Amino acid sequence: MTTNIQWTDETWNPIVGCSRISPGCSKCYAATAAASARLQQFPQYQKVKDWDGTVEFVKNQLLKPLSWKKPKKIFVCSMSDLFHENVPDEWIDKVMAVAAICPQHTFQILTKRPERALEYFTSENRFACIDYQAYEILRADRAPYYREHPVVKLPLKNVWIGTTVENQAMANKRIPLLLQIPAVIRWLSVEPLLGEIDLREAGMIQRLISDNYEWENISEEISWVVVGGESGSGARPCNLAWMRSLARQCQDAEVPAFVKQLGSRPFYLKCGEKYPYKISDKKGGVITDFPEDLQIRQFPKL
Ligand code: SF4
């Protein structure tokens, strides 16, 4: 599905359905979209409309990336969390197998459940399970184009693994887990940004390595940070100062940053000041509306 998410080219949803897990989920756009009249025309969305943890495998979506010849950045499971507890390992293996078969694309995965992702990627026989699914996909006539059986080696070079951290508590919990996941690119989505976040406290920029307060620099282990405010009706306000602080932390640690959107209630609203810039869309996603110092749209260095 083509998308207006600025940091990707396509969304791909071989799995749909999820349930809320932390404050960032309270206005989950996927839950709202799944219940909309437009998506309720499709049987897979009718089954997950209560957003109660029911998940559906959408067979006719699985092979879509094989039909895209031009290299694309693909946001995997924008209508689910690939590592939700109800998603069986076998479904994740199928998703990874498609990524292995399509080295021309970049698969961008985002989860709020990095503990499950860590367990999955470090489990015994993972390589063999993904390789088996790749074999199954290619053996069947269903593959729309002929492909060589890929040499599956973990971590896959074209898979970026990210976690969402909407506040300090989630950063402190999820970043240390993400840092343990074997991945070529690890990234953070700080959206919706709900408060000030100190990445050093979360162990992203430096890690305490001895009792004598010695620190080692580990910022190179996170390759990308996406930041954005909340949008939509009832959106929580996002203070410009929080965004600036994150942009500065990334710059100091030489981590590429991407300011996606200001959100629907940007900046000074919370303390009574009016946002001094023009907002052209309801998500605050037009970069030319941003204050100059936040016009940052960088991608990971590959
Ligand atoms: S994890 Fe993502 S998809 Fe699932 S409820 Fe939260 S915001 Fe929605």
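As the structure lists them, so they are numbered: ligands from 1, and atoms in each ligand from 1. Heavy-atom basis, side chains included; hydrogens, waters and symmetry copies ignored. All values reported here derive from a predicted model rather than from experimental measurement.
- With 2.8 Å as the limit, Cys25 does not count as an N, O or S neighbour of atom 8 (Fe) of ligand 1.
- Between Arg139 and Glu136 there is a salt bridge, since at least one side-chain N of the basic residue sits less than 4.0 Å from a carboxylate O of the acidic one.
- Side chains of Ser78 and Asn13: a donor-acceptor N/O pair is present below 3.5 angstrom, by distance only.
- Ser245 and Gln249 share a donor-acceptor pair across their side chains, judged by distance under 3.5 Å alone.
- When atom types are taken as modelled, the side chain of Gln46 and the backbone of Gln40 share a donor-acceptor pair closer than 3.5 angstrom.
- Here is the list of ligand 1 atoms found below 4.0 Å of a heavy atom in Trp51: 5 (S), 8 (Fe).
- The protein heavy atom nearest to atom 4 (Fe) of ligand 1 is Cys18 SG, 2.3 Å.
- Residue contact check for ligand 1: Ser19 places a non-hydrogen atom closer than 4.0 Å to it.
- Taking 2.8 Å as the criterion, Cys28 does not count as a coordinating residue of atom 4 (Fe) of ligand 1, since none of its N, O or S atoms falls below it.
- Annotation for ligand 1: atoms under 4.0 Å from non-hydrogen atoms of Lys112 are 1 (S), 2 (Fe), 6 (Fe), 7 (S).
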What's the verdict on ring-ring contact (aromatic ring centres under 6.0 Å, His included) for Phe75 and Trp7, showing C-alpha distance, side-chain angles and the deciding distance? CA-CA 9 Å; Phe75 178 20; Trp7 46 258; 4.9 Å; yes
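- Taking 4.0 Å as the cut-off, Arg113 counts as a neighbour of ligand 1 on heavy-atom distance.
- Screening Lys27, Arg174, Lys173 against Glu166 for a salt bridge (charged side-chain N to carboxylate O under 4.0 Å, His left out) leaves a single residue, Arg174.
- Proximity of Tyr29 to ligand 1 is not established, as no heavy-atom distance is less than 4.0 Å.
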